[in-house]
2 protein chains.
Amino acid sequence: MSCDTVAVIGGGPGGLRAAHAIAEVGGQAVLIEQRDFLGGAPIAENYAGITPHGEPARPQIERMVDLVTAHPAVQVRLGSGVTAVSGEPGAFTLTVRGPDGDQPVDCGAVIVATGFTHFDPGRETQMYGYYEFPDVIALQDLEAMLSAHEVVRPSNGQPPQRVCFIQCVGSRDRLIGNEYCSKVCCGVASKEAIEIRQMLPNSKVYIFYIDMRMYGYWENEIYWPAQEKHHVQYVKGMITEVLAKGDRLLVRGEDTTMGRPMELEMDLVVLSVGMEPSPGTRAVAKLLGVKQNKFGFIDAAGGPLDPVATSREGVFACGAALGPADLEDTVSSAAGAAIKAVSFLRSRAAAVTG
Amino acid sequence: MSCDTVAVIGGGPGGLRAAHAIAEVGGQAVLIEQRDFLGGAPIAENYAGITPHGEPARPQIERMVDLVTAHPAVQVRLGSGVTAVSGEPGAFTLTVRGPDGDQPVDCGAVIVATGFTHFDPGRETQMYGYYEFPDVIALQDLEAMLSAHEVVRPSNGQPPQRVCFIQCVGSRDRLIGNEYCSKVCCGVASKEAIEIRQMLPNSKVYIFYIDMRMYGYWENEIYWPAQEKHHVQYVKGMITEVLAKGDRLLVRGEDTTMGRPMELEMDLVVLSVGMEPSPGTRAVAKLLGVKQNKFGFIDAAGGPLDPVATSREGVFACGAALGPADLEDTVSSAAGAAIKAVSFLRSRAAAVTG
């Protein structure tokens, strides 16, 4: 028997958009989220502003949550994870382990919206001292500081005078197996750099990069103002290590444009960590039997013109479960996955009754 | 009276996906295309391969066309353009001028999928000699050559030995008012460079760039193989002019990494032209009364989390009508626009009958 419900796994921006989109076009959705709350990384990691313009993240994500929780066609299961999958496309049964124990959830199609995890910048190949020096932090740590309106050096609680961002930490790096670009870090770092310059007008803020990937409007909306209005210093270069020097940090590398080694003292070093598949993405891919690419993200089996199909019929994916994605990419591909899932169920229903 | 049809203006990849998506979830669509055929730029300009992997473009786009023309819920109007708009959200009437003269089309919502036009590299501020030297061509000219499996110097019909791409022609350029990045040109140029190297193994191929914006998987899927497997030469630099030298072209500029001026002789120069709003995008925006941004693209009024809303209720936009977009962006935002349009009509119908 075919089932007219779509299960959406993951309650971040992608899952929220997918579930609401399904409901908007007359479908039924069950949204399964492992955390006790909806909203995903922007809420869990306390994002400050949304790239590119820096509108506060929380109210915008909460609006998406409200749309979902208010809609009678979406059933939300918090604190819940999928532990088993049986059945077949059109008539899957997921075992969902939640507050009330294991429960079966029948669904005709599944959307995987399990997102990414930040690259762990403490991996041994990374010489940046993330777990060694308190004043070496990552993009998401700074987001939380910006949300609290308190950007300080963790070592002494004082506002930093000199801050730098190191780009491509965990991205474009064959040594660690992440040859891809994580897409959003150039934009996010630049947005955060602007926010620091606004909050601490006497600070100096540097961004060390390989290429500034400010695609589309991010170029004119972030990159130009960062340089011209907010005086963020962009330096094309490779940082090879971060060392302690007195109570500051010594950042060493090469200024590629000047063709010379550089050493700069900093109060706060922000590692622009890339995206890796979340543990949920890896686990759910295995349970559903969908192919993952060599990096562990869900393999987009349909190519650029069908970006949400997976290797299994009836199973679709969206957002950063498929690979690096910004928020706009995520909500767009979520809508694409919603259409595909609803359409899949309609075509099966038509085949049965036709 | 409310109307349950969505008018989709533009029959390129975005419009095709939007129209099919509407039909997939039970809606009705009218697809209005000014050309006598569907498929948009990839067909009109004879694209060879789709970025990143270079699968032949035509059969993939034709598959999208077939889905639309075969669907009973989509009505296609070829050789047709919108000349007037009346009514209001929920009950618009478009005047569509086509082979049978002016005809009214009633629709409850509109999706603008009118796409982009290539930047004209002959504008007077551009010192590249596009209209002066036959061997200076643009990305889309090379696509057509690649489709014909004949990459030659237009001046003499001989295969070129030395080819270069000049990036950011018409993009990232305040002088001409296009401060944005056109997003796809780095990937498209690199894909074309690979195709030339495969077709003409003795050629040397250079790409002069500011930043290589190979976001996401384009990094590992195009940029690394271009360098390592296909030996495309990437040079960070600015090209300031192209001159004639004997029967070749002299390309002059600065090698930024080496910090010195450079002069190179080339047989074929390819200008990586950016995207500008198509004349259709500008015209339709005015007719519908939706806000355009300073560049003339449709203004995305809803921000990153609602990327297909325009300034007018009931009017949505997708793909490159909103700004630089790759094909994946385009089909994703088209699905997003389809959901929004269908949902808008459903909510109005519910309000009327409820």
Side-chain angles (χ1 to χ4, degrees), chain A residues 13 17 21 24-27 50-53 55 60-61 63-64 171-172 174 179-183 209 211-221 224 236 256-259 293 303-308 323-329 331-340 342-343 346-347, chain B residues 13 17 21 24-27 50-53 55 60-61 63-64 171-172 174 179-183 209 211-221 224 236 256-259 293 303-308 323-329 331-340 342-343 346-347:
Chain A
R17 180 69 195 112
E24 275 184 295
V25 295
I50 288 179
T51 308
H53 299 123
E55 305 94 341
Q60 293 218 47
I61 301 293
R63 206 171 312 142
M64 296 181 75
S171 305
R172 307 181 67 179
R174 179 178 282 160
E179 291 95 341
Y180 55 87
C181 154
S182 288
K183 194 169 184 180
Y209 69 95
D211 297 276
M212 276 320 286
R213 295 194 163 162
M214 309 297 268
Y215 47 81
Y217 294 135
W218 286 15
E219 172 80 7
N220 55 294
E221 292 180 348
W224 292 50
K236 184 168 165 74
T256 321
T257 308
M258 306 301 283
N293 65 22
L305 293 176
D306 184 12
V308 298
D326 62 33
L327 278 170
E328 186 174 333
D329 298 335
V331 298
S332 290
S333 69
I339 295 256
K340 288 282 180 181
V342 169
S343 161
R346 278 175 179 264
S347 66
Chain B
R17 180 69 196 111
E24 276 185 294
V25 295
I50 287 178
T51 309
H53 299 123
E55 304 94 342
Q60 294 218 49
I61 301 293
R63 206 172 311 143
M64 295 181 76
S171 305
R172 305 181 69 180
R174 180 177 283 160
E179 291 95 341
Y180 56 86
C181 154
S182 288
K183 194 169 183 180
Y209 69 96
D211 298 274
M212 277 319 287
R213 294 194 165 163
M214 310 296 269
Y215 47 83
Y217 294 135
W218 286 15
E219 172 80 8
N220 55 294
E221 293 180 349
W224 292 50
K236 184 170 165 71
T256 322
T257 309
M258 305 302 282
N293 65 24
L305 294 175
D306 184 12
V308 297
D326 63 32
L327 278 170
E328 186 174 333
D329 299 335
V331 298
S332 291
S333 69
I339 295 255
K340 287 282 180 180
V342 169
S343 161
R346 279 175 179 263
S347 66

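Lettering of chains follows the sequences in order, A, B, ..., and the numbering in each one begins at 1.
Residue A:Leu327 touches chain B through both its backbone and its side chain, counting heavy-atom pairs closer than 4.5 Å. B:Thr51 touches chain A through its backbone: at least one of N, CA, C or O sits under 4.5 Å from a heavy atom, while the side chain does not. Contact annotation for B:Arg63: neither backbone nor side-chain heavy atoms come within less than 4.5 Å of a heavy atom of chain A. With a threshold of 4.5 angstrom between heavy atoms, B:Met64 approaches chain A through side-chain atoms but not through N, CA, C or O. Both the backbone and the side chain of A:Arg172 have a heavy atom closer than 4.5 Å to some heavy atom of chain B.
Residues A:Pro307 and B:Val331 have side chains in contact (heavy-atom distance under 4.5 Å, counting atoms from C-beta outward).
In this structure, CD on A:Glu24 lies 3.5 Å from OG on B:Ser343, to the nearest 0.5 angstrom. Taking CG of A:Asp211 as the reference point, atom NZ of B:Lys236 lies at 6.5 Å (rounded to 0.5 Å). To the nearest 0.5 Å, atom CD1 of residue B:Ile339 and atom OG of residue A:Ser332 are 11.0 Å apart. Within the model, atoms OH of B:Tyr217 and NZ of A:Lys183 stand 10.5 Å from one another, a figure rounded to the nearest 0.5 Å.
By number of non-hydrogen pairs under 4.5 angstrom with chain B, the leading residue of A:Ala337, A:Gly216, A:Ala338 is A:Gly216. For chain A, the option among B:Leu305, B:Thr256, B:Asn293, B:Thr257 with the highest count of heavy-atom pairs below 4.5 Å is B:Leu305. Among B:Glu179, B:Gln60, B:Glu328, the residue with the largest count of heavy-atom pairs under 4.5 Å with chain A is B:Glu179. When B:Pro324, B:Pro13, B:Ala21 are compared by the number of non-hydrogen pairs under 4.5 Å with chain A, B:Ala21 comes out ahead. Ranked by non-hydrogen atom pairs under 4.5 Å with chain B, the options A:Glu55, A:His53, A:Arg17 are led by A:Arg17.
Residue B:Met214 comes nearest to A:Cys181 through the heavy atom pair O-CB, 3.6 Å, listed as atom of the first residue, atom of the second, then distance. Smallest separation of non-hydrogen atoms from B:Arg213 and A:Met212: NE-O, 2.6 Å.
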